[in-house]
Amino acid sequence: MEILLLFSAFVIATCGLVYELIAGTLASYLLGDSVTQFSTIIGAYLFAMGVGSWLSRYIERNLLAYFVRIEIMIGAIGGFSAAALFILFDQVASFRLWLYFLVGVIGILVGVEIPLLLRILEGRLTFKDLVSKVFTFDYIGALFASLLFPLVLVPHLGLIRSAFLFGILNTMVAIWMLYANKAGMIPRRGAHKTAALTVLALLGAGFVWSERIQSISEASIYPGTVIFAESTPYQRIVVTRQQRDIRLFLNSNLQFSSLDEYRYHEALVHPAMSALKAPRKVLIIGGGDGLALREVLKYPAVETVTMVDLDPAMTRLFSSNEMMRQLNGGALSSPKLTLVNADAFLWLREQKPADQRFDAVIIDLPDPSNFSIGKLYSLTFYRQLKSALNDDGIVVIQSTSPLIARKSFWCVDNTLAAAGYQTAAYHLFVPSFGEWGFIIGSFSPYRIPEHLPEGLRFLDLPTMKAMFQFPPDMAHVATAIQRLDDQPLVRYFDEEWGDYLIY
């Protein structure tokens with residue numbers, strides 16, 4: 001019995017931390033700014049656990065029965081938590097209220113567990129053995145969960161299925177307690193068994209149908225039909241189709257629409273590439289969909305392209321799926337391409353100046369909505385990038401909307417200038433996004449080119465010249481510089497886009 005209870009401490013500790021990690025990850029997927037979401041989720045969860053520990057003092061009799069009930073409730077609520085939150089996200093106005101309500105309820109119940117377990121084991125062990133053994137198993141369970149979550153659960157099961165799995169484990173703790181203890185130790189054993197087995201069956205059904213539940217929740221969030229969805233260790237990838245329009249979403253944020261992506265990618269690539277006489281070596285950071293690469297390959301002088309994109313699932317999708325290959329023209333199969341799946345910040349630090357220098361660097365990253373991405377918009381990163389550029393090289397960065405997120409846009413420009421580049425900002429209208437902006441950086445003054453490749457659908461010379469003109473409501477503003485230890489760009493982005501979405 002003692003071993004069973006101690007093993008229960010390991011299981012419930014693992015389950016408790018997994019629910020916390022699921023809530024934090026889900027919040028960062030849906031709400032952005034992962035540091036804020038994880039910090040507030042962890043704080044709320046620990047506070048709720050403290051409340052639960054305090055409330056446990058009022059449980060005075062039938063400790064095993066209460067422990068079983070707590071496990072059944074945690075299994076049911078924790079197991080269904082991820083599915084419920086995904087479904088609620090687009091259905092309720094106060095999603096954060098529901099998020100923290102569920103975190104609070106689970107936290108309170110988890111907070112009751114260990115004090116109850118200690119009291120159940122009281123008398124079976126000396127006090128020092130009791131405390132040391134229970135907390136040893138508790139902490140080992142926490143370590144196990146922290147390793148299991150990013151390495152196995154998220155990439156292979158996803159958030160919804162992982163929640164159901166650990167709800168099942170919590171419920172199994174209740175069931176083995178019911179069957180391991182003698183009759184009479186747990187009042188109304190039959191009712192407890194019925195409740196536990198019912199919850200177990202529901203959780204099992206949820207586990208089996210988790211992909212269907214995910215599809216239902218995403219159908220309400222995204223326009224059109226979801227034709228591809230995958231959770232990776234880095235992000236949630238969703239592709240939708242609505243008639244002729246194919247759209248890519250990363251963590252619920254639109255990345256492109258096939259109806260107008262050519263505007264964005266022509267504007268991203270050609271003002272920089274056409275300013276070079278004969279660009280031979282090109283570096284693309286991000287751009288795992290291959291659409292920027294498609295434009296780069298329109299220059300016959302290009303000999304090699306190195307693409308550094310963090311998520312192998314992205315490049316695999318856009319190199320193997322026939323529909324995606326049609327969008328990028330099979331660019332990811334080009335013999336000129338060297339594909340590197342790595343964190344660009346770390347990859348760049350590992351490159352020696354003598355290894356290779358590039359004529360052009362195209363930075364096509366998601367918006368700086370969190371601190372993990374924000375490091376790739378930092379002063380440190382731009383300074384490191386200088387060692388990878390030829391003396392007459394050029395870098396271009398997608399830089400969000402200068403209209404909706406004016407401070408965010410000019411923060412990129414100001415940071416690039418602080419890193420020692422001469423900058424040139426420009427913008428255009430992309431129907432799916434609205435007004436969108438880019439920043440060019442070079443070591444000498446940028447001059448608008450007088451030629452462009454043939455066959456472009458949007459960009460011509462008069463249009464390109466007009467893109468470098470800014471009206472007063474998008475004109476330059478002073479901002480703080482984006483640094484690794486203090487990332488004002490992420491705060492600007494969150495404030496400006498948050499105000500826009502609320503409006």
Side-chain angles (χ1 to χ4, degrees), residues 1-20 22-23 48-49 52-53 55-56 58-85 101-121 124 134 137-138 141 144-145 148 153 157 159-210 213:
M1 180 62 182
E2 174 191 326
I3 295 175
L4 181 63
L5 287 167
L6 290 173
F7 182 69
S8 297
F10 169 80
V11 174
I12 63 180
T14 304
C15 293
L17 185 57
V18 166
Y19 298 137
E20 182 180 359
I22 286 172
M49 287 179 65
S53 295
L55 290 174
S56 68
Y58 295 103
I59 301 174
E60 298 179 353
R61 295 184 302 172
N62 299 323
L63 300 184
L64 267 174
Y66 274 103
F67 183 76
V68 167
R69 292 169 199 166
I70 293 292
E71 293 308 302
I72 294 172
M73 286 191 286
I74 295 174
I77 299 171
F80 280 93
S81 61
L85 288 170
F101 172 75
L102 276 174
V103 168
V105 170
I106 296 170
I108 288 172
L109 293 173
V110 170
V112 175
E113 286 177 314
I114 294 298
L116 271 185
L117 199 58
L118 286 168
R119 291 166 62 189
I120 291 168
L121 284 165
R124 301 172 187 266
V134 169
F137 278 90
D138 182 65
F144 180 69
L148 189 69
L153 299 181
L157 294 182
L159 298 182
I160 290 180
R161 185 167 286 172
S162 295
F164 281 124
L165 174 61
F166 281 84
I168 289 170
L169 292 178
N170 265 125
T171 309
M172 288 299 298
V173 170
I175 291 172
W176 72 51
M177 285 293 174
L178 286 167
Y179 282 94
N181 285 279
K182 297 177 182 179
M185 293 184 69
I186 301 177
R188 302 180 63 189
R189 181 190 295 265
H192 285 92
K193 286 182 179 179
T194 300
L197 292 173
T198 301
V199 169
L200 184 65
L202 291 172
L203 291 168
F207 181 84
V208 171
W209 292 97
S210 59
I213 295 170

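- With values rounded to the nearest 0.5 angstrom, L121 atom CG is found 12.5 Å from R119 atom CZ.
- Here CG of L63 is found 10.0 Å from OG of S56. Values are rounded to the nearest 0.5 Å.
- Here side-chain hydrogen bond (donor to acceptor under 3.5 Å, both in side chains) pairs that include residues 192-209, with residues two or more places apart or in two chains, are R69-H192.
- To the nearest 0.5 Å, the span separating CD1 on I70 from CD1 on I59 amounts to 5.5 Å.
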Return a table of donor-acceptor pairs under 3.5 angstrom between the side chains of residues 159-175 and protein atoms on other chains or two or more places apart.
residue: R161; atom: NE; partner: F207; partner atom: O; Å: 3.3
residue: R161; atom: NE; partner: S210; partner atom: OG; Å: 2.8
residue: R161; atom: NH2; partner: S210; partner atom: OG; Å: 3.1
residue: S162; atom: OG; partner: G158; partner atom: O; Å: 2.6
residue: N170; atom: OD1; partner: Y19; partner atom: OH; Å: 2.8
residue: N170; atom: ND2; partner: E71; partner atom: OE1; Å: 2.7
residue: T171; atom: OG1; partner: G167; partner atom: O; Å: 2.8

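- Looking at every heavy atom in both residues, A82 comes nearest to I22 through CB-CG2, 3.9 Å.
- For A145, the side chain to side chain contact (heavy atoms under 4.5 Å, CB included) partners are T14, L17, V18, not counting sequence neighbours.
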> Checking side-chain contact (heavy atoms from CB on, under 4.5 Å) for the pair F80/L202: CA distance, chi angles, key distance, verdict?
Replying inline: CA-CA 9 Å; F80 280 93; L202 291 172; 4.0 Å; yes

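- With rounding to the nearest 0.5 angstrom, the CZ atom of F67 is 5.0 Å from the CG atom of L117.
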>> The test is side-chain contact (heavy atoms from CB on, under 4.5 Å); show your working for I12 and V110 and say whether it passes.
In response: CA-CA 8 Å; I12 63 180; V110 170; over 6 Å; no

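- For the atom pair CD1 of I72 and CE of M177, the computed distance is 12.0 Å after rounding to the nearest 0.5 Å.
- Taking a 6.0 Å sphere around OH of Y66, one finds it holds 12 or fewer heavy atoms contributed by other residues, nucleotides or ligands.
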